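Since we're looking at a predicted model, the values are computed, not measured. Throughout, protein chains are lettered first and strands after them, A, B, ... in sequence-line order, and every chain is numbered starting at 1.
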Protein chains: 2
Amino acid sequence: MTESVWKRFQVKGGQLRLGHRATIEDVAAHAGVGVGTVSRVLNRRQHVSQPMRERVEAAIAELDYRPSQLARSLSKGSSDTVSVVAPHITRPSVVARIDSCLAELNRVGVVASLFGVFNRTQFDQVVDALSDRHSTRALVVVSIPVTGAQVSALQCANVSLIGLDVKVTTSDSVFIDNVLGGAMVGSHLIAQGYRRIGFVGDVDSGNFKFTSSHARLRGLKSALQKGGLRLEPENVKFCEHGTSSAKECAMGLLMSNRAPDAIFASSDTGALGVLSAATELGLRVPDDLGVVGFDDLEMAEVVGLSSVSQPLSLSGAIVAERLIKRLTRQDAHPIHTLLDLHLVKRASSSKACHLANVLQPAN
Amino acid sequence: MTESVWKRFQVKGGQLRLGHRATIEDVAAHAGVGVGTVSRVLNRRQHVSQPMRERVEAAIAELDYRPSQLARSLSKGSSDTVSVVAPHITRPSVVARIDSCLAELNRVGVVASLFGVFNRTQFDQVVDALSDRHSTRALVVVSIPVTGAQVSALQCANVSLIGLDVKVTTSDSVFIDNVLGGAMVGSHLIAQGYRRIGFVGDVDSGNFKFTSSHARLRGLKSALQKGGLRLEPENVKFCEHGTSSAKECAMGLLMSNRAPDAIFASSDTGALGVLSAATELGLRVPDDLGVVGFDDLEMAEVVGLSSVSQPLSLSGAIVAERLIKRLTRQDAHPIHTLLDLHLVKRASSSKACHLANVLQPAN
DNA sequence: TTGTAGGCGTTATCAG
DNA sequence: CTGATAACGCCTACAA
């Protein structure tokens, strides 16, 4: 249907236009009206009589006309798309946020385009490109700290900025208290009787200037101090995000002669690697080694991993909701939302309930 | 720095333009040349003298001018962005593909924007919006079958289409043989001595018209037939994608009085749920129950799950590479790439090597 | 080599 | 209520 229509209506001013889709001008000509009128019915504006409206709508349908968003943006001086820029789109925690955010936006008919960036430079480029009143109406930045210059460039272009999992002081943002999260883990491990506690965090390989891993470490450290323990520097490791590298990292920790009796991994993905390392070394979890992760992914429950739960989906949904509000009315001051955290205690850190074993990687 | 520059240069034809970023005209005026010249240096074209070029470049730098991609696309009648549209961006297998595709594109300086869609309707809308010579130059469709009408609408708009994990007959595509994958699992399970084999697949909740789950089932079925076994209809279940729903589904299967002695889950995510169900029911894996998944995610190795491995990252990389080729020279006929599959045998389906246990979900 | 004018598809402003 | 026409920012003939 569609393609045949295009083939039929290729005439404009008597000239053949191969493969071109109809323009507003074609519609106007076809309906025998001016372009202004077509534009009015397109934008559902007042001051257009019913019969005229119908005639135009018929022409639109016949020509299978769809307005060019591009030309529209250029003319209006503003776009009606929203963009999301995020790092590490392979991480379950990140995609969970993004997914719920997009879902919520889609629910009200807003399609957002997502930009995955792999390092700071790319992030800066994308933000720069988006700092143009024509290109996007709103921007959601996930996890990456935004500089003051970027913020002002964006507001100068009239694009509303919202931080998801990152605080943006001069704009809306939704985030958690990572220091608190780390502290929760620390006091839990102490309460469970662990004494030599270690930490496995993520290095910021893309140079994004992430802070969460370090914040969680600070929280852990302060909780330990409060409990009269100290975090041995040799038991603190940072490695690439991921199960296998965390496993390697944990192996190093666990094979030392003053090995930790508990490890806090700053992500569940990493914690899984720690569990795997423990299994490989014949350590029983939670007796010989306590393990706690972060994010409380679905996998954590299946595997019996204790973890700090944060409302990932909710965070995305809140951002979407706020975004939609910003799109309509322009409230004054920025709104910051600090989401709640809670520790989900499972077998991996509860000496009471004995944990069987991790599945053996064999073949 | 940036914002101060914007504040300084707001004059155009003697008029104040608040917050506007410089246009090509501003640059021309500032350099004391015509817009044509500026355009030429912008697009690195010939026929512009060195001193002139330098003067223009200086003006560009001073005004912190960045051309509007939007206006450029409208004027040229073509865009230089590439888009990716994908369903289920929460699934590890999907993001692995996308991630490597985007990474490869970024490596050569191409930033792609990703559209996550939640059902067929949204997919159709996005494709429709993208079927505009102005909006995008190339489109990667992940996993979703594209209709003939959509294909021709796209090529009519001159946007090159590439299928990732889906065959597009009239265009480039990279995919696997899902029937073969299912068959590999079937013969493996038979060889391991399993006799009552079950299947847990994904329902197509977004109505995308996916085929892979059913294709894998067909493969399984044919392998069983070849081995003189049959797949009992009561042992075939389709449920929402995900660990927890697969677990529920498997519980149903395993608690029936004619329960299967092996289950093939059409994804590793689902297989994890099956493992969890087995643990909960006190079934020993692989003795009482064999389990095989699909995709060979990182998690599979950790957990000792047998799985059909497909080159997820590679698929994305190949698509990116092909895309770049299409962007430069326009080769004639479509190239289809069928990627290899191989079964990774681990503890979960190898009666020989006894598998300890899954971690107990306890608290 | 360089400047000028017309066009890309819309919206918005103003006369009618 | 409706129809021209000038922007929007850029590219590209064409003319100088």
Side-chain angles (χ1 to χ4, degrees), chain A residues 12-13 15 17 19-56 59-60 63 65-81 129 131-135 157-158, chain B residues 9 12-13 15 17 19-56 59-60 63 65-80 129 131-135 157-158:
Chain A
K12 177 196 174 181
Q15 286 219 325
R17 307 198 311 151
H20 261 286
R21 86 194 303 169
T23 73
I24 197 174
E25 206 171 327
D26 298 330
V27 175
H30 193 73
V33 302
V35 292
T37 306
V38 179
S39 179
R40 270 168 232 134
V41 320
L42 245 43
N43 299 296
R44 308 174 194 295
R45 305 185 69 143
Q46 307 306 314
H47 308 300
V48 44
S49 67
Q50 193 54 28
M52 177 106 300
R53 179 182 302 273
E54 280 164 9
R55 210 165 63 180
V56 171
I60 288 174
L63 299 186
Y65 166 75
R66 263 103 39 142
S68 157
Q69 291 307 316
L70 208 96
R72 162 182 260 261
S73 295
L74 181 59
S75 179
K76 298 219 316 176
S78 76
S79 163
D80 54 355
T81 60
S131 297
D132 175 359
R133 64 194 315 101
H134 298 302
S135 59
N158 203 34
Chain B
F9 300 96
K12 178 196 173 179
Q15 287 219 325
R17 308 198 311 151
H20 261 285
R21 87 193 305 170
T23 72
I24 197 174
E25 206 171 326
D26 299 330
V27 176
H30 192 73
V33 302
V35 291
T37 307
V38 179
S39 178
R40 270 165 230 136
V41 319
L42 244 45
N43 300 298
R44 309 176 193 292
R45 305 187 66 144
Q46 305 307 313
H47 306 302
V48 43
S49 66
Q50 193 54 29
M52 177 104 297
R53 179 182 301 274
E54 281 165 8
R55 212 166 61 180
V56 171
I60 288 175
L63 299 187
Y65 166 74
R66 265 105 38 143
S68 157
Q69 292 307 316
L70 206 102
R72 161 181 262 263
S73 295
L74 182 59
S75 178
K76 297 221 315 176
S78 76
S79 161
D80 54 357
S131 297
D132 176 358
R133 62 194 318 98
H134 298 301
S135 58
N158 205 33

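Looking at the side chain of A/R72, the nearest of the listed nucleotides D/dC11, D/dG9, C/dT10 is C/dT10. Among the nucleotides C/dG3, D/dC1, C/dT11, the one closest to the side chain of B/M52 is C/dG3. Distances were taken from every side-chain heavy atom of B/Y65 (C-beta onward) to each of D/dC1, C/dA5, D/dC10; the shortest belongs to D/dC10. For B/K76, taking side-chain heavy atoms from C-beta onward, the closest of the listed nucleotides D/dA7, D/dT12, D/dC10 is D/dT12. Listed nucleotides: C/dT4, C/dG9, C/dT2. Nearest to the side chain of B/S49: C/dT2.
The backbone N or O of A/A71 sits nowhere less than 3.5 Å from a side-chain atom of A/S75 that would complete a donor-acceptor pair. A/T37 places no side-chain N or O within 3.5 Å of a backbone atom of A/A28 that could act as its donor or acceptor partner. Judged by distance alone, the side chain of A/D132 and the main-chain N or O of A/A129 form no donor-acceptor pair under 3.5 Å.
Here the C1' atom of nucleotide C/dG9 and the CD1 atom of A/I60 are 14 Å apart, to the nearest Å. Taking atom NE2 on A/H47 and atom P on C/dC14, their separation rounds to 14 Å, with Å as the unit. Distance CG (A/L74) to P (D/dC10): 9 Å, rounded to an integer number of Å. One interatomic measurement links the two molecules: CG of B/L70 to C1' of C/dC8, which rounds to 11 Å at whole-angstrom precision. The CZ atom of A/R45 sits 14 Å away from the C1' atom of D/dC1 (whole-angstrom rounding). Regarding A/H134, its NE2 atom lies at a distance of 14 Å from the C1' atom of C/dC8, rounded to whole Å. Computed from coordinates, the B/D26 CG to D/dG9 P distance equals 9 Å when rounded to whole Å. Per the geometry, CD1 belonging to A/I24 stands 14 Å off P belonging to C/dC8, to the nearest Å.
Atom-to-atom distance recorded for B/I60:CD1 and B/I24:CD1 is 8.0 Å, nearest 0.5 angstrom. Here CE of B/M52 is found 10.5 Å from CZ of B/R40. Values are rounded to the nearest 0.5 Å.
Comparing B/S75 and A/A71, the nucleotide of DNA chain C nearest to each residue sits closer to the 5' end for B/S75.
Looking at heavy-atom distances under 4.0 Å, A/S68 makes contact with sugar-phosphate atoms alone, never a base. Looking at heavy-atom distances under 4.0 Å, B/G77 makes no contact with the nucleic acid at all. At a threshold of 4.0 angstrom between heavy atoms, the contacts of B/V33 are confined to the sugar-phosphate backbone, with no base atom among them.
A donor-acceptor contact under 3.5 angstrom links the side-chain atoms of A/R40 to the base of D/dG3.
OP1 and OP2 of C/dT10 both lie 4.0 Å or more from every side-chain N or O belonging to A/S39.
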